[in-house]
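Structure first, then comments.
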Amino acid sequence: MPLTTLIVDDEPLARDGLRVLLSRDPEVSAIREARDGREAVAAIRESNPDLVFLDVQMPEMDGFEVVRKIGTEHMPQVVFVTAHDQYAIQAFEINAVDYLLKPVIEERFVKALVRAKNRIHSNGTADSNRQIIGLLETISSPRGYVKRLAVRSGGKTVFVDAEDVDRIEAAENYVELHAGRVTHLLHVTMNTLEKSLDPETFLRTEST
Amino acid sequence: MKFELRASELQSQLMSAQLNALKMQLQPHFLFNTLNAITVLVRRQKGKDAEEMLGHLSDLLRGVLEDVDTQEVSLRRELEYLQLYLAIEQVRFPDRLRVEISADPATQEASVPQPILQPIVENAIRHGIGRSSSAGRILISASKVNGTVELRVQDDRPGLSPSDSSEDEGIGLANTRARLQQLYGQDARLEIENGNHGGVVVTMNIPFHQSDAEIEST
């Protein structure tokens, strides 16, 4: 399935780096570039790409403002790319697919791209359940396993420490997160979630 | 007892000042974007360019770490840092940055806080040049004026409007102002204004003194 993309960054080298990585994927059919927030807004309105790689810190209009200008309901899927990790929570609050830290390393980039494709291909089901959006925070764990799970509930994003989770049960496209007396619903499949969890902490069992 | 307390208080103030200076010089934003640029050069198999940039970055980091205990350095050294920093910025923004530096030889050995020019220049790049997305020019000059070293950084960004608050000045400028106040009190000054021919000019005056009066923390 062809994928149209937009790269937004004010540094030519940073754009070039993402372009090289994107062009290695045969499914990517178009790569556009924007040099700042204003160009990004124009490019999104004009070509409505499937996926945007969006730098957070840019002159005049930053990445979050781009999303505000377009409006979350019209915004294509977004992967934020930034030198800082201080914006992670903000990024997850607007339901970004992923959050890449600079320097962007190919292996990590590919994971984000896979995640984005999954999200794009399952868009129908994701849209109908916007109020319950579960997001994974993968940035702070050195081995790449999730330490905290971001759960959208009652219009707020709350974090649940992976340590506090007693068990996780699969329910079609969702999983139920049982932590103490609270149960959260996350819009993620068990297979996706399992890859993000430390196998030393979580053990998969099949119900009979 | 009282003196001891005083000393430890001063020590901790000094430590936090050093840490701030270090953070100022090693802005994470700058550091990680530079590492990203190097990563891309490697990906593009531009080994020579990557090597050169790693060299500049290493020299810059080494310098920062060496001077971390020092409140002041000679202007000559500060200008060396600035050159390294600019060499990196020029790779990151090749089409956007033209910098001219003119320093009166009489000011070379003058002691200045470290870092002093780099945060101002970074501010100009981010708020001026970075903002316009087109080529920008920065003029940096150092001269001896009325017993002070006068440092000027002039860019060609769109001028300041009266509504620009001090918050818009950028963190680099605010930190530098605080630093000058802390080290020299009323004897130093920092002014930001619109240039005569457009652009924004930052002018700093630091009491002229030479390195034997360096303030060491040890």
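To find a chain, count down the sequence lines: A is the first, B the second, and so on, and within it residues start at 1.
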Determine whether more than 12 heavy atoms belonging to other residues, nucleotides or ligands lie under 6.0 Å from atom CD of Glu176(A). yes
Rounded distance [0.5 Å steps], OG1 in Thr39(B) versus CG in Leu13(A): 10.5 Å
Side-chain heavy atoms of Thr82(A) within contact of Phe32(B), under 4.5 Å: no
Is it the case that over 12 heavy atoms from other parts of the model lie below 6.0 angstrom from the CD atom of Glu107(A)? no
Quick one: closest heavy-atom pair of Ala83(A) and Asn33(B), and the distance? CB-ND2, 3.8 Å
Applying a strict 4.5 Å limit to non-hydrogen atoms, the region of Arg24(A) in contact with chain B is side chain
Starting at OG1 of Thr34(B), measure out to NZ of Lys102(A) and round the result to the nearest 0.5 Å. 10.5 Å
Would you say that Arg44(B) contacts Asp16(A) through its side chain, given a criterion of any heavy-atom pair below 4.5 Å between the two side chains? yes
So which part of Arg92(B) gets closer than 4.5 Å to some heavy atom of chain A, the side chain, the backbone, both or neither? both
What distance do Asp9(A) atom CG and Asn36(B) atom CG have between them, rounded to the nearest 0.5 Å? 7.5 Å
